[in-house]
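All values below were derived from every heavy atom in this structure, side-chain atoms included, with hydrogens, water molecules and symmetry-related copies excluded. Both ligands and their constituent atoms are indexed starting at 1 by order of listing.
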Amino acid sequence: MGEIKEIKDLPGIGTQGAEKLFKANYKTLESIAVASPMELMEVAGLGDKTAEKAIKAARDALEMGFETADKIKKRREKIGKLKTGSKELDALLGGGVETQSITEIYGKMSSGKTQWCFQLCVMAQLPVEKGGLNGNVLYIDSEASFRPERVVEIAKAQGLDPEKTLKNVYVARAYNADHQMLLAEKAEQLIKEKNIKLLIVDSLTSQFRSEYIGRGLLAERQQKLNKHMRQLMKMAEINNIAVLVTNQVMERPDILFGDPTTPIGGNVVGHASKTRLYLRKSKGPKRIARLIDSPNLPDGEAIYQITEKGIEDI
Ligand code: GTP
Ligand code: MG
């Protein structure tokens, strides 16, 4: 067997199989390597043995599977830290928003979630020495709240050319939950072509929440959300990009003392987000971010403000 460089080189696939997979949005070896045999059987009509073999060959070609710990260390050394514009916030985050995992920000209306998205759209484009990721941004907007004018203001405050900054942000509007998931799938290809370093989903849950109403549909909603989160997680890891998702909140009726505010999506979202921040509004432009259950950082809060320049220290 020759060297495996693309999908058509996989055993049992060939040009025809590769075409079918391409149409179903499997365009890279990575996308095959992280697929399940069931998926490939369904979307491309592969036999179960062929699907299994193809996945295994893709994993081998990419050297996925068991790997020695020194390689993991090497990959972790590549984790980038995207600065937010506030030193307080960066310190809370252990240096900034990390690549290779999902960062979730949740909070009530007007707590500043979308403002964070605009801010990071700009910050990601800064050179690494200035706290950026020296890359471009994919923005999935499910609430029609993307505002280029606001990105322009923040870009100016960071000393960037506003027009260039806008050209580096690829925005797609998600019209329903399935469409949102499809956009995330399509992102895979664009990430490589356009030097994407940050993927934003604002909001992660609102479409799911409005489509799957009531207890009867909760299980289905959670399964879909789970799939979506895994998709995003894989993308973060494989491509060494930062993924920022926003989440809405609800009031838990069973909490009588303390803050009953809790993010949507339960454990499905909670476990997939490596870093979770709870955003609250304070007086005027003042905002508070609280780090929730981080595996490697101390819990704590940071106070910052949102002004016409974007996110800043007070
Ligand atoms: P929902 O999407 O409704 O759940 O809210 P959100 O958390 O996304 O809130 P968003 O990020 O849209 O925050 C809105 C708040 O940010 C406003 O109430 C303002 O306080 C602040 N803000 C938004 N735009 C500007 C601006 O141009 N200048 C200043 N100074 N503040 C702004
Ligand atoms: Mg918003």
Side-chain angles (χ1 to χ4, degrees), residues 82 84-86 88-89 92-93 97 102-124 137-160 162 165-166 169 171-177 179-180 183 198-211 213 225 228 232 242-252 259-265 269 273 275-292 301-314:
L82 170 57
T84 58
S86 149
E88 287 280 316
L89 276 175
L92 182 70
L93 289 163
V97 172
I102 300 175
T103 299
E104 174 195 351
I105 47 178
Y106 68 87
K108 291 182 185 152
M109 259 173 68
S110 288
S111 55
K113 302 180 293 293
T114 300
Q115 296 302 311
W116 266 71
C117 297
F118 297 155
Q119 178 78 18
L120 293 189
C121 261
V122 172
M123 300 304 287
V137 182
L138 265 187
Y139 198 118
I140 299 179
D141 176 14
S142 73
E143 296 186 320
S145 55
F146 182 76
R147 296 283 174 274
E149 310 81 43
R150 189 65 179 130
V151 175
V152 164
E153 273 183 353
I154 298 170
K156 281 185 191 158
Q158 292 298 330
L160 290 176
T165 307
L166 290 178
V169 183
V171 187
R173 175 93 169 84
Y175 292 101
N176 56 52
H179 186 216
Q180 185 172 321
L183 288 171
L198 168 67
L199 168 63
I200 292 173
V201 185
D202 183 22
S203 124
L204 175 75
T205 45
S206 65
Q207 294 287 1
F208 290 85
R209 213 181 168 191
S210 59
E211 269 172 59
I213 301 166
L225 255 179
H228 192 34
L232 296 172
V243 172
L244 179 76
V245 303
T246 72
N247 196 0
Q248 298 170 317
V249 293
M250 59 177 201
E251 307 271 304
R252 271 178 59 171
D259 189 348
T261 311
T262 189
I264 304 296
V269 174
S273 304
T275 310
R276 311 189 90 181
L277 286 170
Y278 173 28
L279 308 184
R280 267 155 39 230
K281 217 175 144 129
S282 184
K283 267 200 185 141
K286 233 161 106 180
R287 295 288 188 284
I288 304 162
R290 165 174 275 275
L291 191 66
I292 308 285
E301 288 189 344
I303 303 177
Y304 60 102
Q305 58 180 349
I306 300 178
T307 68
E308 54 287 353
K309 289 184 183 165
I311 287 179
E312 286 186 294
D313 280 319
I314 291 180

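Taking each of V249, L279, N247, T307 in turn, the one with a heavy atom nearest to atom 29 (C) of ligand 1 proves to be T307. With atom 2 (O) of ligand 1 as the reference point, the heavy atom nearest to it among E143, Q119, M109 is part of E143. Summarising the contacts of atom 32 (C) of ligand 1 with E149, R150, E312, the nearest heavy atom is found in R150.
Residue contact check for ligand 1: R287 places a non-hydrogen atom closer than 4.0 Å to it. Distances shorter than 4.0 angstrom occur between a heavy atom of S110 and an atom of ligand 1. The shortest heavy-atom distance from E153 to ligand 1 is under 4.0 Å. Residue contacts with ligand 1 include S111, since one or more of its heavy atoms lies under 4.0 Å from the ligand. Under the 4.0 angstrom criterion for non-hydrogen atoms, S145 is not in contact with ligand 1.
Contact record, L279 with G112: CD1-C, 4.2 Å, taken as the closest heavy-atom pair. Nearest heavy atom pair, residue P162 against residue A155, reads CA-CB, 4.2 Å. In terms of heavy atoms, Q119 sits closest to G310 at OE1-CA, 3.3 Å. Here the closest non-hydrogen pair linking L291 and L92 is CD2-O, 3.6 Å. A pairwise comparison of heavy atoms in I140 and A174 identifies CG2-CB, 3.9 Å as the closest pair.
Residue G107 places no N or O, backbone or side chain, under 3.5 Å from any N or O of ligand 1.
Here the side chains of L232 and L204 are in contact, with some heavy-atom distance below 4.5 Å. Here the side chains of I311 and L89 are in contact, with some heavy-atom distance below 4.5 Å.
The protein non-hydrogen atom at the shortest distance from atom 24 (N) of ligand 1 is Q115 NE2, 3.4 Å. T114 CB, 3.9 Å is the protein heavy atom nearest to atom 12 (O) of ligand 1. Ranking protein heavy atoms by distance to atom 1 (P) of ligand 1, first place goes to K113 NZ, 3.7 Å.
For the Mg ion (ligand 2), the set of protein N/O/S atoms nearer than 2.8 Å consists of T114 OG1, ordered by chain and number.
With rounding to the nearest 0.5 angstrom, the CE atom of M123 is 12.0 Å from the OG1 atom of T165. Distance CG/L166 to CD/E149: 9.0 Å, rounded to 0.5 Å. For the atom pair R280 CZ and Y106 OH, the distance stands at 10.0 Å (nearest 0.5 Å). Atom CD1 of I306 is separated from atom CD1 of I154 by 9.0 Å, given to the nearest 0.5 angstrom.
Each of the atoms 7 (O) of ligand 1 lies under 4.0 Å from some heavy atom of K108.
Relative orientation of the Y139 and F118 rings is parallel, given thresholds of 30° and 60° on the angle between their planes.
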